[in-house]
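For reference, the structure is listed below as structure tokens.
All of these numbers come straight from a predicted model, not from anything done at the bench.
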Amino acid sequence: MTETAKTHVILLACGSFNPITKGHIQMFERARDYLHKTGRFIVIGGIISPVHDSYGKQGLVSSRHRLTMCQLAVQSSDWIRVDPWECYQDTWQTTCSVLEHHRDLMKRVTGCILSNVNTPSMTPVIGQPQNESSQPIYQNNNIPNGKPTADENANLGTVMRYEEIELRILLLCGSDLLESFCIPGLWNEPDMEVIVGDFGIVVVPRDGADTDRIMNHSSVLRKYKNNILVVKDDINHPMATVSSTKSRLALQHGDGHVVDYLSQPVIDYILKSQLYINTSG
């Protein structure tokens, strides 16, 4: 399959990132490696979207700090970027609305038609021609004071243009989020239909989770099972390092194992800003 014939994918991860851990970055890397190995996909970007402050989770530090920590965590990555749109809204946004925002943004700034997982385009998706002398649309600049413009939100690095591509945004998550779909009343069912039916999910299992069992417990997940891509590899990854909770506990207790969870730039920022040092978070 040629590069242009493959489905081009942007991986989007939503969450508190309180703080962002090494495991969160590993999820992106594992997902990209797996999708590439299938021969059907090419991952052209990753987006980290921290949750709004009004989410109300106990111990959630200001989005100003969480955005900065996320930026420090991906500063050496050439494909994963942090997007502040969700944090800069007036209130908390659903995962569905975040996905829809990025889908609409990609339409505007790339000129591409983003196809749904459930109803792929039957004809080539045509991108707008790019002036070779123009500046890249996507920039990895520091976020200025105040709310960013739409173009500044598109934090994906240098834009990639193709004459004919199919582009999708897939939600990247751990098996714990997938399992939360099975909890009655926790998710809005129409939102679940859009997330799984229109966009699709890439799941990175944690601690040997049985994703087939999880999917069989939800009618929506069963209905759209083919839209759920479960990352399978032969490497035993320590997915416990995804845990922000364990990271905070290690910081509170002065546990040197915090280096197993967090990158050094993030640790340095936390200590400098005196975050998570007391039990209130």
List in chain and number order the residues that pass side-chain contact (heavy atoms from CB on, under 4.5 Å) with [X], two or more places apart in sequence or in another chain; answer none if no residue qualifies.
X      : result
Glu193 : Val220, Lys223, Tyr224
Ser76  : none
Phe17  : Ala13, Ile20, His24, Ile48, Pro50, Cys70
Cys182 : Ile214, His217, Ser218, Leu221

>> If you count heavy atoms of other groups shown closer than 6.0 angstrom to NE2 of His257, is the number above 12?
In response: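 Open: at most 12 neighbouring heavy atoms sit under 6.0 Å from NE2 of His257.
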>> Is it true that, when you exclude Tyr34 itself, more than 12 heavy atoms of the residues, nucleotides or ligands shown sit nearer than 6.0 Å to its OH?
In response: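 More than 12 within 6.0 Å, yes.
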For residues [X] and [Y], report the shortest heavy-atom separation together with the two atoms involved.
X      : Y      : result
Ser16  : Val51  : CA-CG1, 3.8 Å
Arg30  : Val231 : O-CG1, 3.9 Å
Pro205 : Ala209 : CB-O, 4.4 Å

> Stepwise, does the side chain to side chain contact (heavy atoms under 4.5 Å, CB included) test hold for Val9 with Leu11?
Replying inline: CA-CA 6 Å; Val9 169; Leu11 296 171; 3.9 Å; yes
Rounded to the nearest 0.5 Å, how far does [atom2] of [Y] lie from [atom1] of [X]?
X      : Y      : atom1 : atom2 : answer
Ile267 : Leu275 : CD1   : CG    : 12.5 Å
Leu72  : Gln264 : CG    : CD    : 11.5 Å
Phe28  : Leu172 : CZ    : CG    : 5.0 Å
Tyr88  : Gln93  : OH    : CD    : 15.0 Å
Leu12  : Arg168 : CG    : CZ    : 16.0 Å
Ile277 : Gln252 : CD1   : CD    : 8.0 Å

> Between Asp53 and Arg66, is there a salt bridge with N-O shorter than 4.0 Å?
Replying inline: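 Yes, charged N to carboxylate O under 4.0 Å.
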> Could Arg213 and Glu179 be called an ion pair, given the rule that one side-chain N must be under 4.0 Å from one carboxylate O?
Replying inline: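 Salt bridge between Arg213 and Glu179, a charged N being under 4.0 Å from a carboxylate O: yes.
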> Among Ile195, Asn188, Leu171, whose side chain to side chain contact (heavy atoms under 4.5 Å, CB included) with Cys96 holds?
Replying inline: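 The residue from Ile195, Asn188, Leu171 that satisfies side chain to side chain contact (heavy atoms under 4.5 Å, CB included) with Cys96 turns out to be Ile195.
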> For Leu178, which of Val196, Val230, Val203 qualifies under side chain to side chain contact (heavy atoms under 4.5 Å, CB included)?
Replying inline: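 The option that passes is Val203.
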Report yes or no: does [X] contribute a side-chain atom to a donor-acceptor pair with the main-chain N or O of [Y] at less than 3.5 Å?
X      : Y      : result
His253 : Leu249 : yes
Ser175 : Thr211 : no
Asn18  : Val61  : yes
Arg81  : Gly46  : no
Ser263 : Ala73  : no
Thr38  : Leu35  : yes
Lys225 : Asp212 : no
Ser77  : Val74  : no
Arg206 : Gly174 : no
His102 : Glu100 : no

> Do you see a donor-acceptor pair shorter than 3.5 Å between the side chains of Ser247 and Ser244?
Replying inline: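 Judged by distance alone, the side chains do not pair up.
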>> Determine whether Arg32 and Trp79 satisfy the following criterion, side chain to side chain contact (heavy atoms under 4.5 Å, CB included), listing intermediate values before the conclusion.
In response: CA-CA 10 Å; Arg32 183 176 68 162; Trp79 70 282; 3.3 Å; yes
In the structure I gave you, are the side-chain heavy atoms of [X] and [Y] within less than 4.5 Å of one another anywhere?
X      : Y      : answer
Leu229 : Ile201 : no
Met69  : Leu262 : no
Leu67  : Val82  : yes
Phe41  : Lys6   : no
Trp85  : Ile47  : no
Leu99  : Arg103 : no
Tyr261 : Ser243 : no
Met192 : Phe181 : yes

>> Checking Tyr269 now: which residues fulfil ring pair (Phe, Tyr, Trp, His ring centres under 6.0 Å) with it, not counting sequence neighbours?
In response: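 Residues passing ring pair (Phe, Tyr, Trp, His ring centres under 6.0 Å) with Tyr269: His65.
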> Quick one: ring pair (Phe, Tyr, Trp, His ring centres under 6.0 Å) partners of His52, sequence neighbours excluded?
Replying inline: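 Residues passing ring pair (Phe, Tyr, Trp, His ring centres under 6.0 Å) with His52: none at all.
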>> Go through it in stages, so that I can follow the logic: the residues are Leu170 and Phe199, the test is side chain to side chain contact (heavy atoms under 4.5 Å, CB included), and I'd like the CA-CA distance, side-chain angles, deciding distance and then a yes or no.
In response: CA-CA 6 Å; Leu170 299 178; Phe199 288 92; 5.5 Å; no
> Do Cys173 and Val204 pass the side chain to side chain contact (heavy atoms under 4.5 Å, CB included) test, and can you show the C-alpha distance, the side-chain angles, and the key distance before you say yes or no?
Replying inline: CA-CA 6 Å; Cys173 67; Val204 181; over 6 Å; no
